[in-house]
Amino acid sequence: MTKQIARINHFVNGRPVPNASNRCQQVTNPATGAISGLVGLASTAQVGAAVAAAQAAFPVWSNTPPIRRARVMFKFLQLLNEHKDELAHLITAEHGKVFTDAQGEVSRGIDIVEFACGISQLLKGDFTDQVSTGIDNWTLRQPLGVVAGITPFNFPAMVPMWMFPVAIAAGNCFILKPSPTDPSASLRMAELLSEAGLPDGVFNVVQGDKEAVDALLEHPDVKAISFVGSTPIANYIYETGARHGKRVQALGGAKNHMVVMPDADVDQAVDALVGAGYGSAGERCMAISVAVLVGDVAERLLPKLVERTKKLKVLAGENLAAEMGPIVTRAAHVRITGYIAQGVEEGAKLLVDGRDFDVSVTGEGCGDGFWMGGTLFDHVTPEMRIYKEEIFGPVLSCVRVQDLKQAVELINAHEFGNGVSCFTRDGNVAREFGRRVEVGMVGINVPIPVPMAWHGFGGWKRSLFGDMHAYGEEGLRFYTKQKSIMQRWPESIGEGAEFVMPTAK
């Protein structure tokens with residue numbers, strides 16, 4: 001059986017590279033609990049070799065005209081569309097999310113590749129003729145060099161595509177350090193980039209754990225780090241990277257609220273809460289984990305929400321009828337059940353207990369998978385751990401408030417500020433909510449307001465460390481540096497030295 005387990009390694013300088021250390025980590029199918037692979041964990045030296053390959057490729061790639069870099073992205077876009085179901089199957093097998101959700105993940109990643117195909121337009125600078133007599137001034141944007149992305153398990157294709165298409169199209173070389181929990185999608189994307197004509201060394205994948213992360217953070221040739229993950233690690237990445245002189249963009253955790261006003265369409269709100277709370281088993285940084293029920297809406301909404309939660313179709317991800325798949329790992333399952341027990345101990349009212357889930361309904365061969373159903377709490381209060389902390393699982397907490405003012409104050413008092421939603425028919429409520437709430441991404445009757453490719457993704461407060469959001473125009477600015485050039489010719493230069501600060505003349 002050991003010989004049948006796949007060896008999952010690295011991709012450096014245009015080709016697969018075996019692991020140089022004797023360290024590895026098991027890759028598991030969450031639906032069955034079976035070990036499907038062993039992923040190699042890179043040493044500091046192997047990370048250094050990947051950085052060296054990227055550094056060697058940078059002079060030629062950065063000097064390649066943007067339109068030619070864009071043509072590689074167009075070819076990569078074509079290949080992604082041809083192989084998107086293949087990528088989705090890889091994600092379902094290693095992450096556990098249902099196949100249709102995995103398809104959606106790949107599609108949202110493809111959006112960023114489409115955005116990066118327009119890099120020639122995005123890199124245009126500004127020009128001012130005659131800023132002073134005989135002097136012109138213009139700006140241009142140039143790539144940073146070797147940049148790196150450290151990405152989480154929950155979106156093994158989409159989150160890397162938030163980063164590397166923009167970075168590469170802008171002329172950088174990229175090192176991707178994906179999660180060792182579901183590493184295969186990153187390698188397949190590397191192969192497709194090579195097939196698209198990307199030169200060797202421009203995109204590299206290094207599998208690994210903290211040793212690989214620290215090697216990237218400390219390497220002097222890595223100029224910028226992008227990260228998505230939990231807030232404690234995001235804080236560590238930001239502080240360590242900045243201390244080593246790097247540009248850092250670290251997206252952290254979340255506790256996303258959905259406010260349901262008394263005038264909201266209750267059936268629509270229930271559908272939104274079920275989909276956004278339990279989709280992908282709640283393992284999304286944009287998942288709704290708190291329902292803020294305003295006024296009397298709780299009495300009308302909760303009976304329907306309880307019924308829908310109990311009827312949630314929890315099945316193996318390849319089953320197209322599935323609404324939710326398994327939890328990603330056994331350790332995550334233990335952590336989530338611990339939070340449910342904590343909620344009960346703290347006095348929240350447990351309306352639906354996901355721990356009681358009947359695993360026999362999930363599908364053949366799934367008895368040892370990491371299964372649970374949706375959990376629903378009512379009468380949750382702000383001092384409870386299940387309210388304060390990110391559970392990252394299918395646990396939805398209901399908090400009751402009297403009015404919109406209390407709802408906004410509740411949300412603004414939380415340490416996280418990633419995403420938020422408000423369901424209402426009232427335009428003034430919607431406008432005031434959007435203006436007053438201290439959260440980076442806001443949805444009005446949209447439960448998961450993930451911005452489109454040209455707008456950029458990022459939260460506020462302890463959900464984002466760094467100044468620039470992911471992808472969009474801010475993503476382009478993150479992966480480039482501005483240069484200002486002033487120019488004049490000898491014929492316009494007056495005689496004599498000038499000892500005063502230059503001014504427009």
Side-chain angles (χ1 to χ4, degrees), residues 30-33 91-92 95-105 154 256-258 260 265-291 293 298 300-330 332-341 343-344 348-378 380 386 390-398 421 423 447-448:
T32 65
I91 294 165
T92 295
H95 174 277
K97 70 175 63 176
V98 302
F99 179 67
T100 51
D101 189 23
Q103 287 177 308
E105 171 185 342
N154 59 326
N256 305 314
H257 299 67
M258 186 177 123
V260 184
D265 183 306
V266 170
D267 290 329
Q268 289 181 352
V270 169
D271 285 342
L273 285 168
V274 169
Y278 303 126
S280 200
E283 294 167 334
R284 296 171 175 156
C285 65
M286 290 293 283
I288 293 297
S289 54
V290 180
L293 307 179
R300 293 178 282 125
L301 180 143
L302 279 172
K304 295 184 177 184
L305 184 57
V306 168
E307 181 182 6
R308 282 289 284 111
T309 302
K310 288 181 177 178
K311 292 181 177 179
L312 196 64
K313 296 176 182 177
V314 184
L315 302 165
E318 294 290 348
N319 188 329
L320 297 182
E323 295 173 329
M324 186 178 110
I327 305 303
V328 66
T329 63
R330 193 176 304 278
H333 190 281
V334 170
R335 188 195 71 247
I336 296 164
T337 55
Y339 271 109
I340 297 170
V344 173
K349 185 176 181 181
L350 185 58
L351 302 180
V352 184
D353 189 346
R355 298 171 298 180
D356 295 336
F357 178 71
D358 179 7
V359 71
S360 66
V361 305
T362 57
E364 187 177 352
C366 295
D368 293 327
F370 315 134
W371 298 97
M372 68 169 55
T375 292
L376 180 63
F377 280 106
D378 190 16
V380 175
I386 60 169
E390 184 177 34
I391 298 173
F392 223 64
V395 180
L396 182 59
S397 298
C398 295
S421 180
F423 270 61
I448 303 181

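By convention here, the first residue in the shown sequence is residue 1.
- Of all heavy-atom pairs spanning H95 and S280, the tightest one is CE1-OG, 3.8 Å.
- Residues N319 and L315 share a closest heavy-atom pair of ND2-CD1, 3.7 Å.
- The ring-ring contact (aromatic ring centres under 6.0 Å, His included) search around Y339 returns none, not counting sequence neighbours.
- With sequence neighbours left out, R355 forms a side chain to side chain donor-acceptor pair (under 3.5 Å) with D353.
- Atom NE2 in H257 sits 9.5 Å away from atom OG in S397 (nearest 0.5 Å).
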(request) Take I391 and I336 through the test side-chain contact (heavy atoms from CB on, under 4.5 Å) and record every step on the way to the result. (result) CA-CA 6 Å; I391 298 173; I336 296 164; 4.3 Å; yes
(request) Take I386 and V395 through the side-chain contact (heavy atoms from CB on, under 4.5 Å) test and state the conclusion after the steps. (result) CA-CA 9 Å; I386 60 169; V395 180; 5.7 Å; no
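- Side chain of E283 to main chain of V328: a donor-acceptor pair is present (N/O by atom type, distance under 3.5 Å, no hydrogens or angles).
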Please tabulate, for side-chain N and O atoms in residues 364-376, each donor-acceptor pair with protein atoms closer than 3.5 Å (sequence neighbours left out).
from : atom 1 : to   : atom 2 : distance (Å)
W371 : NE1    : A31  : O      : 3.2
W371 : NE1    : C366 : O      : 3.0
T375 : OG1    : G354 : N      : 2.8

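- Here the side chains of C398 and L305 are in contact, with some heavy-atom distance below 4.5 Å.
- Of the possible polar contacts, one joining the N256 side chain to the C285 backbone as a donor-acceptor pair under 3.5 Å is found.
- In this structure, K313 has no side chain to side chain donor-acceptor pair (under 3.5 Å) partners at least two apart in sequence or on a different chain.
- E318 pairs by the salt bridge (charged side-chain N to carboxylate O under 4.0 Å, His left out) definition with nothing, not counting sequence neighbours.
- The heavy-atom pair separating P303 from A298 by the smallest distance is CD-O, 4.1 Å.
- Residues L320 and F99 are in side-chain contact: their nearest non-hydrogen atoms beyond the backbone lie under 4.5 Å apart.
- Using a 4.5 Å heavy-atom cutoff, the side chains of F423 and M258 are in contact.
- Contact record, I448 with M286: CG2-CB, 3.7 Å, taken as the closest heavy-atom pair.
- No donor-acceptor pair under 3.5 Å is formed between the side chain of D378 and the backbone N or O of K349.
- Taking the side chain to side chain donor-acceptor pair (under 3.5 Å) definition, one finds that E307 meets it with K311, sequence neighbours left out.
- Of all the heavy atoms in I327 and A281, the pair that sits closest is CD1-CB, 3.9 Å.
- Scanning for side chain to side chain donor-acceptor pair (under 3.5 Å) contacts around E390 gives an empty result, with sequence neighbours left out.
- Taking CD1 of I91 as the reference point, atom CG of D101 lies at 9.0 Å (rounded to 0.5 Å).
- Under the rule for a ring-ring contact (aromatic ring centres under 6.0 Å, His included), the partners of F392 that lie at least two apart in sequence or sit in another chain are F153.
- Scored by the salt bridge (charged side-chain N to carboxylate O under 4.0 Å, His left out) test, R335 finds no partners at all (sequence neighbours excluded).
- With sequence neighbours left out, E105 forms a salt bridge (charged side-chain N to carboxylate O under 4.0 Å, His left out) with K97.
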Donor-acceptor contacts, no H, no angles, side chain residues 266-274, under 3.5 Å, sequence neighbours left out:
from : atom 1 : to   : atom 2 : distance (Å)
D267 : OD1    : K304 : NZ     : 2.8

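- Between L351 and L302, the closest side-chain pair of non-hydrogen atoms falls below 4.5 Å.
- With sequence neighbours left out, K310 forms a salt bridge (charged side-chain N to carboxylate O under 4.0 Å, His left out) with no residue at all.
- At least one side-chain heavy atom of M324 sits under 4.5 Å from a side-chain heavy atom of P394.
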(request) For side-chain contact (heavy atoms from CB on, under 4.5 Å), just list the numbers for L396 and F377, CA-CA rounded to whole Å, side-chain angles, deciding distance to a tenth of an Å, and then say yes or no. (result) CA-CA 6 Å; L396 182 59; F377 280 106; over 6 Å; no
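- Taking all atoms of both residues into account, the shortest heavy-atom contact from V98 to G325 is CG1-N, 3.7 Å.
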